[in-house]
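The next block holds one structure in the form of structure tokens; read it before the comments.
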Amino acid sequence: MAAQPFDAAQFHAHVYQIVRLIPSGHVTSYGHIARLAGSPSHSRMVGSALKYLQDDSVPWQRVIGASGAISERGDGGQGARRQADRLREEGVEVTEPQGAGVGVGGQFKVSLSTYGWFPESVQLEDE
DNA sequence: TATCTGACATCTG
DNA sequence: CCAGATGCCAGAT
């Protein structure tokens, strides 16, 4: 297999497949998904793709940053808040931001050492 | 066609 | 451990 010239459609499809494979109660990072999709340097494209689709059938909430921090979309943290709450329902322990109310200098974080899901490879329908 | 932005990653202080 | 600055590459305007 050789380096692909980056096919957006194919990369897109692979991302969705991988995200669906994430088991409940576990999380993974954008960078790892990008790597499994065949492009380790296109971590940003992963998030961009998920945002653009807005598909509830894809558990995008299980995808967080490499540091275990939930990225905010600039909507005041409402999106991150919803994501954190949903992860808690699956049994994932999420730390709350500093301040707990008026605090704006903190982020929701998950222990990747405990809930991280990083398979070496996945079964993709197309390659 | 050129420029800016972005659901990131990684290094340094 | 946390915060800031830099690098990366493709999409959107």
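The sequence lines fix the lettering, A, B, ..., with proteins before strands; numbering per chain opens at 1. Keep in mind it's a predicted model, so treat the numbers as computed, not measured.
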- request: Please identify each residue that fulfils side-chain contact (heavy atoms from CB on, under 4.5 Å) with A/S57, with sequence neighbours left out.
  value: A/R20, A/D55

message: Just to be sure I understand: a Watson-Crick pair is purine N1 to pyrimidine N3 plus N6-O4 or O6-N4, both under 3.5 Å. Using that and G-U wobbles, which stems of three or more pairs involve DNA chain C?
response: B:2-6 with C:9-13, B:8-13 with C:2-7

Short side-chain N/O contact from A/H42 to OP1 or OP2 of C/dA10, under 4.0 Å: yes

Which atom pairs, donor and acceptor, lie under 3.5 Å between side-chain atoms of residues 78-87 of chain A and protein residues at least two apart or in another chain?
unit_1	atom_1	unit_2	atom_2	d
A/Q83	OE1	A/R73	NH1	3.3
A/Q83	NE2	A/Q61	O	2.9
A/Q83	NE2	A/V63	O	3.3

statement: Expected string for nucleotides 2-11 of chain B under the B/S/- scheme (protein heavy atoms, under 4.0 Å, primed atoms plus P, OP1, OP2 as sugar-phosphate) is ----BBBS--

message: For residues 56-71 of chain A, which residue pairs pass the salt bridge (charged side-chain N to carboxylate O under 4.0 Å, His left out) check, not counting sequence neighbours?
response: A/R62-A/E90

query: Of all residues at least two apart in sequence or in a different chain, which pass the salt bridge (charged side-chain N to carboxylate O under 4.0 Å, His left out) check with A/E93?
result: none

When rounded to the nearest 0.5 angstrom, what is the spacing between [atom1] in [X] and [atom2] in [Y]?
{"X": "A/W60", "Y": "A/Y30", "atom1": "CH2", "atom2": "OH", "result": "8.0 Å"}
{"X": "A/S48", "Y": "A/H12", "atom1": "OG", "atom2": "NE2", "result": "7.5 Å"}
{"X": "A/T95", "Y": "A/I70", "atom1": "OG1", "atom2": "CD1", "result": "8.0 Å"}

- prompt: Rounded to the Å, how far apart are A/F6 CZ and C/dC8 P?
  reply: 17 Å

Proximity to DNA chain B (any heavy atom under 4.0 Å), residues of residues 85-94 of chain A only: none

- prompt: Can you name the side-chain hydrogen bond (donor to acceptor under 3.5 Å, both in side chains) partners of A/Y115, sequence neighbours left out?
  reply: none

Partner set under ring pair (Phe, Tyr, Trp, His ring centres under 6.0 Å) for A/F108, not counting sequence neighbours: none

field: Where at least one partner belongs to residues 31-55 of chain A, residue pairs that pass ring-ring contact (aromatic ring centres under 6.0 Å, His included), sequence neighbours excluded
entry: A/F6-A/H42, A/H32-A/F118

- prompt: Contact class for A/A80 vs. all strands (heavy atom < 4.0 Å): base, sugar-phosphate, or nothing?
  reply: nothing

message: With nearest nucleotide decided by heavy atoms, which residue, A/S41 or A/K109, maps closer to the 5′ end of DNA chain C?
response: A/K109

